[in-house]
Amino acid sequence: MAKAASLDAFKFDQEKNSIDASKKLKVGIIGTGWIAEAHIEQYKMMPDVEIIAGADLVPGKAEEFFKKFGVEGVRCYPDHKAMLDAEPELDAVSVCTYNRTHAECTIYALEKGVNVLLEKPMCVTIEEAAEICRAEKKSGKIVSVGFQPRLDANMQMIKKIVDSGELGDIYYIQTGGGRRKGIPTPFGTTFIEDKTAGVGALGDIGCYSLDMVLNAVGYPKPLTVTGIKTDFFGKNPKTYPKHPEYADLFSVDDFAAAFIRLEGGITLDFRIAWDMHLDTPGDTIIMGTKGSLRIPSTECWNGTTGGPMTIYHDVAGSPVATVVPEIVPGDAPEDELFYKKIRSFLDAVKNGTEAPIPTSQIIYNQAIIDGIMKSSALGREIEIEIPEY
């Protein structure tokens with residue numbers, strides 16, 4: 001097959017904006033575990049941010065957290081309600097708690113008139129997602145969901161290619177990813193117990209994979225799903241040489257797969273894994289009536305592509321493969337995806353603009369995750385129903 005030069009139309013320019021530090025935003029952090037560390041590291045780099053409050057259910061944990069990162073004068077509270085009740089000046093909060101409490105913390109913050117940067121997954125159930133959307137709409141504030149991979153230049157290139165019309169009408173997508181060995185237990189069992197996580201690989205990394213392709217094709221509404229989820233590795237004591245007792249506590253999914261019908265005649269073939277006897281369950285493929293796009297998988301789902309992408313199409317009646325060069329990020333702190341996630345949220349808050357990763361899109365992401373779990377439990381295809389909000 002012939003190879004064509006990369007299309008000039010797909011050149012990508014990354015903009016960098018200056019920060020107006022004349023008005024500082026007062027920020028709080030709810031939940032001071034591992035993921036909160038990435039948030040505070042970025043907040044500390046923002047000249048227009050003042051971290052004034054934090055909350056954690058574990059006594060003394062919040063105090064130690066802020067001490068560790070050298071942030072002084074932060075008022076600490078035993079839970080999100082105590083913090084939000086006592087801090088009326090808060091402009092925004094990061095919700096960094098475990099999945100089961102995402103909805104309640106976010107909704108309470110919105111009721112107090114506070115903008116929310118909500119870590120992924122959005123929540124656990126579609127009903128919770130709708131409740132968040134209702135609270136957001138009523139409050140007039142914004143919720144941005146923590147899908148920082150969308151801000152990667154290579155991920156944005158995928159959408160640019162689809163939007164260009166080069167692929168024609170999209171009719172089939174294959175996507176997924178995972179880890180050969182990667183059940184997340186270095187920080188205890190929060191990720192693997194139903195009472196805290198509610199969802200496993202599906203919510204941890206599956207939501208990213210779904211967002212990559214759904215965003216590229218304009219986030220069409222999901223209609224039906226046939227899904228399965230398994231826990232073969234999570235339930236095996238040999239998976240945890242140092243803590244075999246974790247196998248008895250494991251109560252979420254370590255693998256999931258689904259066949260999803262989307263509005264617009266698009267079929268989505270999806271699979272995700274925390275643990276498997278493969279290096280990858282396959283590349284992402286977007287197939288269209290004029291061309292198809294192959295997106296190389298990564299060894300561990302890390303928020304970008306696994307190498308140069310390839311567009312397969314016909315030129316003058318002959319099959320051609322057009323390589324889209326991988327975009328290498330800069331090495332400045334503001335080039336980090338987490339920085340971009342925090343910055344884009346703060347800019348939206350300051351400017352009164354829409355959330356960079358809006359709930360109006362991610363509710364469809366959550367609907368698919370919820371649908372896979374329900375379909376797996378029932379052992380059949382189901383229609384996806386999204387509550388009004």
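Since the structure is predicted, the reported quantities are computational estimates derived from the model, not experimental observations.
Minimum heavy-atom separation, Pro121 to His102: O-ND1, 2.7 Å. Nearest heavy-atom pair across Phe255 and Ile272 is CD1-O, 3.1 Å. Among all heavy-atom pairs drawn from Cys123 and Thr125, the shortest one is SG-O, 3.4 Å. In this structure, Met276 and Thr280 approach most closely via the heavy-atom pair CE-CA, 3.8 Å. Cys207 approaches Asn365 most closely through the heavy-atom pair O-ND2, 3.0 Å. Ser144 and Ile357 make their closest contact through OG-N, 3.3 Å (heavy atoms, listed as atom of the first residue, atom of the second, distance).
Annotation: side chain to side chain donor-acceptor pair (under 3.5 Å) contacts of Thr189 (sequence neighbours excluded): Glu193. For the side chain to side chain donor-acceptor pair (under 3.5 Å) test, no residue two or more places apart in sequence or in another chain qualifies with Arg134. Residues forming a side chain to side chain donor-acceptor pair (under 3.5 Å) with Glu37 (at least two apart in sequence, or on another chain): Lys68. Applying the ring-ring contact (aromatic ring centres under 6.0 Å, His included) criterion to Tyr172, with sequence neighbours excluded, gives no partner residue. The side chain to side chain donor-acceptor pair (under 3.5 Å) search around Glu263 returns none, not counting sequence neighbours. Considering only residues two or more places apart in sequence or on other chains, Phe65 meets the ring-ring contact (aromatic ring centres under 6.0 Å, His included) condition with Phe69.
Under the 4.5 Å side-chain heavy-atom criterion for grouping Ile, Leu, Val, Met, Phe, Trp and Tyr, Leu223 is not connected to Ile362 through any hydrophobic cluster. A single hydrophobic cluster is not seen to contain both Val252 and Ile228; linkage of ILVMFWY side chains at heavy-atom distances under 4.5 Å, directly or through other members, places them apart. Hydrophobic cluster membership differs between Tyr171 and Ile295, with clusters built from Ile, Leu, Val, Met, Phe, Trp and Tyr side chains linked at under 4.5 angstrom. Follow the hydrophobic side-chain contacts under 4.5 Å out from Ile285 and you never reach Ile173; the two are in separate clusters.
Judged purely by distance below 3.5 Å, without hydrogens or angles, the side chains of Thr196 and Thr190 never pair a donor atom with an acceptor atom. No side-chain donor-acceptor contact under 3.5 Å links Tyr389 and Thr359.
The residues Arg261 and Glu381 are annotated as salt-bridged, a charged nitrogen and a carboxylate oxygen being separated by less than 4.0 angstrom. Ion pairing between Asp204 and Arg179 holds under the 4.0 Å rule for side-chain N and carboxylate O. In summary, Lys81 and Asp85 do not engage in a salt bridge, as defined by a charged side-chain N under 4.0 Å from a carboxylate O. Salt bridge Arg343/Glu334: absent, no basic N to carboxylate O contact under 4.0 Å.
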Given Ser360 and Glu136, is the side-chain contact (heavy atoms from CB on, under 4.5 Å) satisfied, shown in steps?
CA-CA 10 Å; Ser360 59; Glu136 180 183 20; over 6 Å; no
So Tyr246 and Thr239, side-chain contact (heavy atoms from CB on, under 4.5 Å) or not? Walk me through it.
CA-CA 9 Å; Tyr246 284 1; Thr239 300; over 6 Å; no
Just do the salt bridge (charged side-chain N to carboxylate O under 4.0 Å, His left out) check on Lys350 and Asp48 with the steps written out, would you?
CA-CA 10 Å; Lys350 292 181 74 172; Asp48 56 346; 3.0 Å; yes
Derivation and outcome, side-chain contact (heavy atoms from CB on, under 4.5 Å), residues Val225 and Ile382:
CA-CA 6 Å; Val225 59; Ile382 66 168; 3.7 Å; yes
Evaluate the criterion side-chain hydrogen bond (donor to acceptor under 3.5 Å, both in side chains) for residue pair Tyr208 and Gln148; output intermediate values, then yes/no.
CA-CA 9 Å; Tyr208 283 148; Gln148 68 272 8; 3.1 Å; yes
Take Thr353 and Asp347 through the side-chain contact (heavy atoms from CB on, under 4.5 Å) test and state the conclusion after the steps.
CA-CA 8 Å; Thr353 53; Asp347 287 343; over 6 Å; no
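Among Lys238, Lys235, Lys181, the one residue that satisfies the salt bridge (Lys or Arg N to Asp or Glu O under 4.0 Å) test with Asp275 is Lys181. Under the side chain to side chain contact (heavy atoms under 4.5 Å, CB included) rule, Lys26 has a single partner from Val49, Ile51, Val114, Asp91, which is Asp91.
Between the CE atom of Met46 and the CG atom of Leu346 there is a distance of 6.0 Å, given to the nearest 0.5 Å. Atom CD1 of residue Ile132 and atom CE of residue Met122 lie 4.5 Å apart, to the nearest 0.5 angstrom. Here Leu151 contributes atom CG and Thr304 contributes atom OG1; the two are 11.5 Å apart, rounded to the nearest 0.5 Å. Between the CE atom of Met212 and the CE atom of Met155 there is a distance of 5.0 Å, given to the nearest 0.5 Å.
The number of heavy atoms from other shown groups lying within 6.0 Å of CD (Glu127) is above 12. The local environment of CD in Glu245 is crowded, with over 12 non-hydrogen atoms from other residues, nucleotides or ligands closer than 6.0 Å. Heavy-atom contacts from other residues, nucleotides or ligands closer than 6.0 Å to CD of Glu63 number more than 12. For Lys24, the NZ atom sits in a packed shell: over 12 heavy atoms of surrounding residues, nucleotides or ligands are nearer than 6.0 Å. Heavy atoms of other residues, nucleotides or ligands lying less than 6.0 angstrom from CG of Asp169 number 12 at most. By the 6.0 Å contact criterion, CG on Asn351 is enclosed, its count of non-hydrogen atoms from other residues, nucleotides or ligands being greater than 12.
Between the Asp253 side chain and the Leu202 main chain, a donor and an acceptor come within less than 3.5 Å of each other. In this structure, Glu299 contributes its side chain and Asp279 its backbone to no donor-acceptor pair below 3.5 Å. No donor-acceptor pair closer than 3.5 Å links the side chain of Arg100 to the backbone N or O of Val124. Although no hydrogens or angles enter the test, the distance criterion places no donor-acceptor pair under 3.5 Å between the side chain of Asp231 and the main chain of Asp254. Formation of a donor-acceptor pair under 3.5 Å by the Asp283 side chain with backbone atoms of Pro296 is not found in this model.
The shortest side-chain heavy-atom distance between Ile192 and Trp274 falls under the 4.5 Å cut-off. In this structure the side chain of Leu214 reaches within 4.5 angstrom of the side chain of Ile368, judged on heavy atoms. When side chains are defined from C-beta on, Met45 does not count as touching Glu336, because their heavy atoms never get closer than 4.5 Å. Ile363 is listed as a side-chain neighbour of Ile126, based on a closest heavy-atom distance under 4.5 Å. In this structure, the side chains of Lys138 and Leu110 stay at 4.5 Å or more apart for every pair of heavy atoms. Asn215 is not listed as a side-chain neighbour of Phe147, based on a closest heavy-atom distance of 4.5 Å or more. Using a 4.5 Å cut-off on side-chain heavy atoms (C-beta onward), Glu104 and His80 make contact. The closest side-chain heavy-atom distance from Thr224 to Phe259 is not below 4.5 Å.
The aromatic rings of Phe338 and His39 lie perpendicular to each other, with more than 60° between the two planes, well past the 30° mark.
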